[in-house]
Protein chains: 2
Amino acid sequence: MAKSATRTPVWKSIAITLIDDIAQGRYDTGTKLPAEAQLAERFGVNRHTVRRALADMAEQGLVHARRGAGVFVAAKPTDYPVGKRIRFHQNIRRAGRVPSKKVLRLEVLAADAREADALDLEPGDPVVVYEGLSYADDHPVALARTVFPAERLPGILDALEAHESITAALNACGVEDYTRRETRITAKLATATQALHLRTSEGAPILRTTGISDDANGTPIEFGRTWFAGDRVTLTVGDD
Amino acid sequence: MAKSATRTPVWKSIAITLIDDIAQGRYDTGTKLPAEAQLAERFGVNRHTVRRALADMAEQGLVHARRGAGVFVAAKPTDYPVGKRIRFHQNIRRAGRVPSKKVLRLEVLAADAREADALDLEPGDPVVVYEGLSYADDHPVALARTVFPAERLPGILDALEAHESITAALNACGVEDYTRRETRITAKLATATQALHLRTSEGAPILRTTGISDDANGTPIEFGRTWFAGDRVTLTVGDD
DNA sequence: ATGTATTATTTGTCTAGTTGTATAGGACAT
DNA sequence: ATGTCCTATACAACTAGACAAATAATACAT
C-alpha cells in the first residue's frame with residue numbers, strides 16, 4: 001500500500017539493511033551470507049533485486065561472491081612489511097593476527113629458463129616447486145610460488161612437508177640464515193585462479209612481488225613470486 | 001568495476017595451464033598427474049571443475065585416466081619437422097607414435113586460379129583434390145587439403161585410393177622422390193568444422209602451413225595446405 | 001617368499017544447491 | 001520516446017557432499 005514515491009530504490013534500502021547487519025556483527029567477516037534466493041524471500045523481492053544490492057556492496061568491497069558457493073563478507077586490510085628479512089609468521093603476528101599456511105603444491109619439476117637464471121642453474125635442472133596460501137586469521141593474504149634448487153638443498157622436499165614455515169624447512173637443510181637479495185613489486189590483474197585463492201574477483205588489482213634470496217654465502221637458494229590481494233593488503237617498506 | 005569472471009571458464013584456463021605444463025616437459029609422458037583432489041587444491045576450485053578440465057584434455061588425447069590409479073600423461077605435444085622432405089608417416093613414427101589417416105574427400109575437379117598458379121597449370125585444368133585427417137595414436141594431428149595435377153600424374157586418383165601414404169601413391173605414379181620447394185606458416189583460429197575434425201575447440205589456435213612440392217625435375221606435383229592443432233603440435237624447422 | 005585380506009587412495013557418478021548471465025516484459029517517471 | 005526499476009524464466013558454471021568402483025599399498029598368515 002506504500003505510495004512508492006521512488007525516493008530510494010528498493011535495492012538500495014536492501015543494501016543499507018545488509019550493510020547495517022554486517023556492521024552490527026550479525027554477519028561476521030569471512031562468513032557466508034544467506035543465499036540470494038533466501039534474501040529475496042526475506043525482503044519479499046525478486047532475486048535480481050537482491051543481486052543489485054549485493055553488486056553495490058561488492059563494488060564497495062564489503063562482500064565478495066563465489067559462484068556456486070555463496071556471498072561472503074570481505075576481510076579487513078592487512079599491513080605487510082617487505083624488506084631484507086621476510087618472515088611471514090613474524091609479519092602477521094606483529095599485526096596481531098594469527099598466521100597459518102596451506103600447501104597447494106609441492107613437487108619436483110624441471111626448471112624453466114627464468115627459474116634457472118634466477119637460481120644460477122641450467123634449464124632442466126630439478127627444482128622443488130612450492131605453492132602455498134598464507135592466511136591471517138583464516139583469511140587469505142598471499143598466494144606464493146617459490147622455487148628451490150633441489151640439488152643445492154638436499155632433503156628440502158621432505159623438510160617442506162614436515163615444517164609449517166619455510167624458514168624452519170631451510171634451517172633443517174642447513175641454511176641457518178637467508179636474506180632477500182632483491183624484491184621487485186609490480187601491479188597485475190588477478191587471473192581466475194588467483195582470484196579464487198585470494199577470495200577476490202578476476203581482474204581485481206593484485207600486487208606481485210618477485211624476489212631472490214641468498215644464503216649467508218651469497219648463493220641463491222630461493223626464487224619466489226608472491227601475489228597479494230591489492231585492495232586488502234598494503235606492502236610497507238622501511239623500518240625493519 | 002572489474003569485468004566479471006567467466007570470460008573464459010575456469011576449467012578451460014586450468015586445462016590450458018596443465019597442457020602448458022605438459023608441453024614444457026614438467027610432466028613427462030607416461031607419468032601420473034597429481035590426484036584430482038590435489039589439483040583442485042592447487043587451483044583453488046572444486047574437484048568437479050578439475051574433472052571438467054581433465055575431460056577436455058582427455059578428449060584431445062593428452063591424458064588418460066584409470067579409475068583407482070590416476071590420470072596419466074598420454075602424449076606430449078607432437079614435434080613435427082618441417083623441411084625439404086615432409087613425410088607424415090615417418091615424422092609420426094619417429095616420435096614413437098602410430099600414424100594413420102582418414103580420407104575425407106577425393107575428387108577430380110577443375111583447378112582454380114591459385115591452384116593453377118602454384119602447380120603451373122591453366123585454370124580449369126583437372127586436379128585431384130585430396131582432403132584428409134592425419135592421426136597419431138588415433139588422435140587427430142593435422143587436417144590437410146592437397147591438390148595434384150591430374151594430367152601430369154596419370155593414375156594418381158586410384159593410387160591415392162589404394163595407398164595409405166601419399167608418398168606411396170606418388171611412387172606408384174612414377175614419382176620416386178619429391179621435395180618441398182617452400183613452406184609458409186601462419187597462425188589462424190580454428191573454425192567450427194576444423195575444431196570438430198581436430199577435436200579442439202572453435203577459436204583455438206591453429207597452425208596453417210601452405211606448401212608446394214616438386215619432383216626431381218623441379219616440376220610442381222603437389223600444392224597443399226595443412227592445419228595443425230596449435231596446442232598439440234610444435235613445428236620444427238632446422239635439422240633434416 | 002608367497003598369497004590373501006585389509007585399508008587407503010583415486011577416479012566415476014549422482015544429487016542438490018548457489019551464483020552468473022541472458023532474455024523478455026511490465027510499470028512508471030521524466 | 002527513453003531510461004530506470006523491478007519481475008519472471010531459463011540455463012550455464014561452479015560448489016558441495018556422498019557413495020560406488022577400481023586400483024595400489026600394506027599388513028599378515030602360511
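Worth saying up front: this structure is predicted, and the values here are computed from it rather than measured. Labels below follow one simple rule: chain letters A, B, ... track the order of the sequence lines, proteins then strands, and each chain is numbered from 1.
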If I take atom [atom1] in residue [X] and atom [atom2] in nucleotide [N], what distance separates them, rounded to the nearest angstrom?
X       : N      : atom1 : atom2 : answer
B/Ile14 : D/dC14 : CD1   : C1'   : 11 Å
B/Phe72 : D/dA24 : CZ    : P     : 7 Å
A/Arg67 : D/dT15 : CZ    : C1'   : 11 Å
B/Asp56 : D/dA13 : CG    : P     : 12 Å
A/Leu39 : C/dG17 : CG    : C1'   : 15 Å
A/Lys32 : D/dA16 : NZ    : C1'   : 11 Å
B/Asn46 : C/dC14 : CG    : P     : 17 Å
B/Leu54 : C/dT13 : CG    : P     : 14 Å

Output yes when [X] and [Y] qualify as a salt bridge under the 4.0 Å nitrogen-oxygen rule, no when they do not.
X        : Y        : result
A/Glu182 : A/Arg184 : yes
A/Arg180 : A/Asp215 : no
B/Glu59  : B/Arg199 : no
A/Lys101 : A/Asp138 : no

So, does the side chain of B/Arg47 form a donor-acceptor pair with the base of D/dG17 at under 3.5 Å? no
Any N or O donor-acceptor pair linking the side chain of A/His48 to the base of C/dA22 at under 3.5 Å? yes
Side chain of B/Val45 - closest among C/dT19, D/dT15, C/dT11: D/dT15
Name the closest nucleotide to the B/Ala69 side chain, picking from D/dT23, C/dT19, D/dC5. D/dT23
Residue pair A/Val127 / A/Ala111: nearest heavy atoms and the distance that separates them: CG1-CB, 3.7 Å
Using only side-chain N and O atoms of [X], determine if any of them is under 4.0 Å from OP1 or OP2 of [N].
X       : N      : value
B/Arg66 : D/dA24 : yes
B/Gln38 : C/dT9  : no
A/Thr49 : D/dC5  : no
A/Trp11 : D/dC6  : yes

